[in-house]
Amino acid sequence: MVKGVNLKENSFKEKIALVKIKDNDQPFGSFFGVKKFPVAFILDVSIDLLNVKSDYQYYIEMKVNSESRISNPSSYEKVPFSIPQEDMIFVKDNLGQSFITGKIGLIVDKSDSCAVEINLLDTNQKLLSSHSTYFYFGERE
């Protein structure tokens, strides 16, 4: 056990292992200098999933928030998905590793910090795992 961390029995089941965000096939950096606001991006998102059930209905929820503006819950994108067992690797006890891909729109109105939050939900839309990536957009001359 790591000091200060309580690892539960199910702490490695149904988790988001890694999120990769790209813009025009290039990694999306953490800090941006922008000449003119607003600026918009359509980002490619790849989500690696750890120990998920095959042929099970999950949901991915994607939210974009900033320091000055919190996303309206009705604007969250919630996408159902299921991964067939033949599309998984290292399957053991009906749990396997896989990934899913998608896109998310990001509009930045002014110099601000932003977060892209991605949640893995079960069939009943109970939160299983969450991952946030943070960005800063600053005005440059």
Problem set entry | Side-chain heavy atoms of Asp55 within contact of Ile83, under 4.5 Å | no
Exercise. Is the side chain of Tyr58 donor-acceptor paired with the backbone N or O of Gln125 at a distance under 3.5 Å, no angle test?
Worked result: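 Not a single qualifying donor-acceptor pair exists.
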Problem set entry | Which atom of Phe81 lies closest to which atom of Leu120, heavy atoms considered |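 Heavy-atom minimum between the residues: CZ-CD1, 3.8 Å.
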Exercise. Could Asp44 and Lys103 be called an ion pair, given the rule that one side-chain N must be under 4.0 Å from one carboxylate O?
Worked result: yes
Problem set entry | Atom pair CZ (Phe12) and OG (Ser129), whose distance is rounded to the nearest 0.5 Å |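 That separation rounds to 11.5 Å.
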For this session: Find the distance between OG (Ser66) and CZ (Phe137) and round it off to the nearest 0.5 Å.
Result: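 Between atom OG of Ser66 and atom CZ of Phe137 there are 10.0 Å.
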Exercise. Do we see a donor-acceptor contact under 3.5 Å between the side chains of Asn119 and Ser130?
Worked result: yes
Exercise. Between His131 and Thr133, do the side chains contain an N or O donor and an N or O acceptor separated by less than 3.5 Å?
Worked result: yes
Exercise. Would Val45 and Val19 satisfy side chain to side chain contact (heavy atoms under 4.5 Å, CB included), going step by step from the backbone distance to the final call?
Worked result: CA-CA 7 Å; Val45 180; Val19 173; 4.0 Å; yes
Exercise. Under the side chain to side chain contact (heavy atoms under 4.5 Å, CB included) criterion, do Leu106 and Ile104 qualify, and how do the steps go?
Worked result: CA-CA 7 Å; Leu106 176 62; Ile104 189 167; 5.9 Å; no
Exercise. Would Asp23 and Phe41 satisfy side chain to side chain contact (heavy atoms under 4.5 Å, CB included), going step by step from the backbone distance to the final call?
Worked result: CA-CA 7 Å; Asp23 178 38; Phe41 301 91; 3.7 Å; yes
For this session: Show the numbers, then the answer: is there a side chain to side chain contact (heavy atoms under 4.5 Å, CB included) between Ile47 and Ile118?
Result: CA-CA 9 Å; Ile47 304 165; Ile118 299 175; 3.6 Å; yes
For this session: With sequence neighbours left out, write down each residue that passes side chain to side chain contact (heavy atoms under 4.5 Å, CB included) with Asp48, or none if nothing qualifies.
Result: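 Partners of Asp48 under the side chain to side chain contact (heavy atoms under 4.5 Å, CB included) test: Ala17, Leu18, Lys20, Ser46, Phe99.
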For this session: Flag yes if more than 12 heavy atoms outside Tyr134 fall under 6.0 Å of its OH atom; otherwise flag no.
Result: no
For this session: Report yes if some heavy atom in the side chain of Met88 is under 4.5 Å from a heavy atom in the side chain of Val52; otherwise report no.
Result: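 Yes, their side chains come closer than 4.5 Å.
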Exercise. Does a side chain donor of either Gln85 or Asp87 reach within less than 3.5 Å of an acceptor in the other side chain?
Worked result: no
For this session: Output the distance between atom NZ (Lys78) and atom CD1 (Ile60), rounded to the nearest 0.5 Å.
Result: 11.5 Å
For this session: Classify the side-chain pair Ser54/Asn94 by whether it contains a donor and acceptor separated by less than 3.5 Å.
Result: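 A pair is found: one side chain offers a donor N or O, the other an acceptor, under 3.5 Å apart.
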Exercise. Is Met62 linked to Leu127 within one hydrophobic cluster, defined over Ile, Leu, Val, Met, Phe, Trp and Tyr using a side-chain heavy-atom separation of less than 4.5 Å?
Worked result: no
For this session: Give, for atom NZ of Lys53 and atom CG of Leu95, the distance between the pair rounded to the nearest 0.5 Å.
Result: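 The CG atom of Leu95 is 7.5 Å from NZ of Lys53, to the nearest 0.5 Å.
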Exercise. Is the centre of the Phe135 ring less than 6.0 Å from the centre of the Phe28 ring?
Worked result: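 For Phe135 and Phe28, the ring centres are under 6.0 Å apart.
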For this session: State whether the side chain of Asp122 and the backbone N or O of Asn124 hold a donor-acceptor pair below 3.5 Å, judged by distance alone.
Result: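 Yes; judged by distance alone, with no hydrogens or angles, the pair exists.
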Problem set entry | Side-chain (Gln97) to main-chain (Asn51) donor-acceptor, under 3.5 angstrom |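 Yes: the side chain of Gln97 pairs with the backbone of Asn51.
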Exercise. To the nearest 0.5 Å, what is the distance between OG (Ser132) and CD (Glu117)?
Worked result: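 Rounded to the nearest 0.5 Å, the OG-CD separation comes to 4.5 Å.
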Problem set entry | Euclidean distance, Leu49 CG relative to Ile16 CD1, rounded to 0.5 Å | 7.0 Å
Exercise. Side chains of Thr123 and Tyr56: do they bring a donor and an acceptor to under 3.5 Å?
Worked result: yes
